There are 2 protein chains.
Amino acid sequence: MAVTLRDVAQRAGVSIKTVSNVVHERQYVKDSTREVVQAAIDELGYRPNLSARSLRSGRSGVIGLALPEVRLPYFAELADSVITEAKERGHTVLIEQTGAEVSSERELLRSPRLQLTDGLIFSPLALSQADVGLLDVDYPLVLLGERIFDGPCDHVVMDNVAAARAATAHLIDTGCRRIAVIGAHRDEDQGSAALRLRGYQQALQAAGLPLDEELVAYVGLWHRHDGAEAMRELLASGVEVDGVFGMNDTLALGAMRALQDAGLGIPGDVRVIGFDDLEETRYTAPTLSSVDPGRMEIAQTAVQVLLERIEERLSGTERAPRRQHTTSYRVVSRESSA
Amino acid sequence: MAVTLRDVAQRAGVSIKTVSNVVHERQYVKDSTREVVQAAIDELGYRPNLSARSLRSGRSGVIGLALPEVRLPYFAELADSVITEAKERGHTVLIEQTGAEVSSERELLRSPRLQLTDGLIFSPLALSQADVGLLDVDYPLVLLGERIFDGPCDHVVMDNVAAARAATAHLIDTGCRRIAVIGAHRDEDQGSAALRLRGYQQALQAAGLPLDEELVAYVGLWHRHDGAEAMRELLASGVEVDGVFGMNDTLALGAMRALQDAGLGIPGDVRVIGFDDLEETRYTAPTLSSVDPGRMEIAQTAVQVLLERIEERLSGTERAPRRQHTTSYRVVSRESSA
DNA sequence: GTGAAAGCGCTAACAA
DNA sequence: TTGTTAGCGCTTTCAC
């Protein structure tokens, strides 16, 4: 059925080893031999069996990417960046969706589904510091985001507190005094929600503005629907608002929608800023100010670090200590806060 | 290093075959034996080596999904659906991005990167009928979309012509007489763009409206940017417009943005409908009417058909003839065409 | 420069 | 009901 190295060797009248050498473009092969072998490969349409190669060599060329849901724009863009970067480095990406449930995130780490993967890039949404022990797995793992610190693996993060502080400060600079924040999670102190809330609070304090709990909107998920819902409740509560910081763009877009439904002008009556710098923020009406989290940098760093770990593991090199890699962010001002 | 079947067998004091039987939850294993083996598995933390299993059994449990770019919302949602459906059926998904270039789509089909995949779901954007020969590959392949017909593989399509006709008819029903269409491609007669254009034309003819070439906007890609750009040009040309059919939601959203920038009201001055029914159409201002292409049905059908083919191939069963599977669509009316 | 052969971990046919 | 064993296709020492 499938053409194997042996078939090629037979056809070319050489040993299996020589064919392997040609396939891997190794030196120490006479040019004439190489040509004969290459001809046999082409004629027979030989394609290496990656399962066999993987079994033998211990590496499959596939890396796993675990995230809540690819349909969420932020993760779709992150996946794109990771896939692109991995391809650049000769690897393919297998995607696992965890749906943001703690249980599936925990299971994922021990899942046999990842077995033919050389390593994993994991962006948890629900796991907490208490789960840090689960991260001590026997395969290369790079963690994304700030839900867990001081884990036994490499970690790529953006400074959420500073970025949220900058976003909030941006609204303050443009004159806002009653800034609502949408996307807080109750009883959380490590996740993005908690960190961005902290940044928001720090900015208010730095500006000498009061922290008004009425301006903090708690939500379940960070979907558009939740942002719209939260904004509606905020408006219904009668609390005065002249600025909105959405913990991500999707929430902010939902909030914009609710504000517009209520007949409020953006940025006239209320200024809005989001977080993530999704492509669509450039095309909404009005265009949405946001924080660019440096997605490309995150993806590149994560893939690079992961591949280094994979290499290290295979070559038995002394393991470098696990590191935390911090990437940069940038506030992007658009119409919604002009 | 890694725990193998042999290690478990030794620890449990049974043969490797028995352990395998337990792992595969096969019958004919005494309960007491099963318990002992399970205990050993848990203690040692045994996880099957999928590369070995794959080499031996000829199936990896991984299916490939090739699409232009996951960051495009339609494909992000499609990927989500495919991954979810595949997981449901015990498979994982490896994603390949082709970037909508003919060359990479052609290469993809012969790529060794797909070698440890059991089969492929392929959504081409650039391949044309002329490439039909390339689809005659030696692995299970399911094609999505209508760029190629009568190929040597299964095919899941939605009736683009009928759906576009329905979308256009919807605008006509609400009173539009000068309907622009955005997203046409020059020199194409098989792709979604050509089919949707045909549906648009059929609807106009059926209503006795003239086909005005000035109302057809040609674009390169179907991104938001292209929609905005095309709409701007349309408006600048001075042609009269009271309705817009965007060949996908992204184009329609870009067009909406341009219309709003020009001070036109939606649906007051111009009614708009898109295509794809992206989640965000429910949250834009105004909400966008669209055509629901039955993404879930497409994904389910594609995965099911592919897994059947994989099964067939492995069991050496008589191959059922290649089939075309047509899924259903639905016009969803929202504010932009109310 | 090239060949022979061992074995990666697992599955499944065949034995017991 | 459980054990033995032959490879799946490849990589990789170690000879020649």
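The structure presented is a predicted model; accordingly, all values stated were derived computationally and were not measured. Reminder, nothing fancy here: chain letters follow the sequence lines and each chain counts from 1.
If you measure from atom CG of L5(B) to atom C1' of dA12(C), you get 13 Å, rounded to the nearest angstrom. As a whole-Å value, the separation of R56(B) CZ from dC10(D) P is 15 Å. The interatomic distance linking D7(B) (CG) with dC10(C) (C1') rounds to 13 Å, in whole Å. The distance between atom CD of Q10(A) and atom C1' of dG9(D), rounded to the nearest whole Å, is 15 Å. Between the CG atom of N49(B) and the P atom of dC8(D) there is a distance of 18 Å, rounded to whole Å. Going from atom CG of L55(A) over to atom C1' of dT11(C) covers 12 Å, rounded to whole Å. Counting to the nearest Å, the C1' atom of dT11(D) and the CZ atom of R6(A) are 14 Å from each other. The CG-P distance, from N21(A) to dA4(C), rounds to 14 Å in whole Å.
For the OP1/OP2 pair of dG9(C) and a distance below 4.0 Å, the side-chain nitrogens and oxygens of T4(B) include no atom meeting the criterion. Distances shown here put a side-chain N or O of S20(B) below 4.0 Å from the OP1 or OP2 atom of dT11(C). Between T18(B) and dT2(D), a side-chain N or O to OP1/OP2 separation shorter than 4.0 Å is absent.
Here I16(B) lies in heavy-atom contact (under 4.0 Å) with a base. Across all strands shown, T33(B) has heavy atoms under 4.0 Å from sugar-phosphate atoms exclusively, and none from any base. Counting any heavy atom pair closer than 4.0 Å across all strands shown, S51(A) reaches no nucleic acid atom. Across all strands shown, K17(A) has heavy atoms under 4.0 Å from base atoms, whether or not it also approaches the sugar-phosphate.
With 3.5 Å as the limit, one finds no donor-acceptor pair spanning the side chains of S60(A) and S54(A).
The side chain of Y46(A) sits closest to dC10(D) out of dC10(D), dT11(C), dT4(D). Out of dG3(C), dC10(C), dG1(C), the shortest distance to the side chain of P48(B) is found at dC10(C).
Salt-bridge formation is detected for the pair R59(B)/E311(B): a Lys NZ or Arg NE/NH1/NH2 atom is positioned less than 4.0 Å from an Asp or Glu carboxylate oxygen.
Judged by distance alone, with hydrogens and angles left aside, the side-chain atoms of D131(A) form a donor-acceptor pair with the main-chain N or O of S128(A) at under 3.5 Å. Remark: side-chain polar atoms of R313(B) are paired, donor with acceptor, to backbone N or O of D138(B) under 3.5 angstrom. The backbone N or O of I63(A) sits nowhere less than 3.5 Å from a side-chain atom of D118(A) that would complete a donor-acceptor pair.
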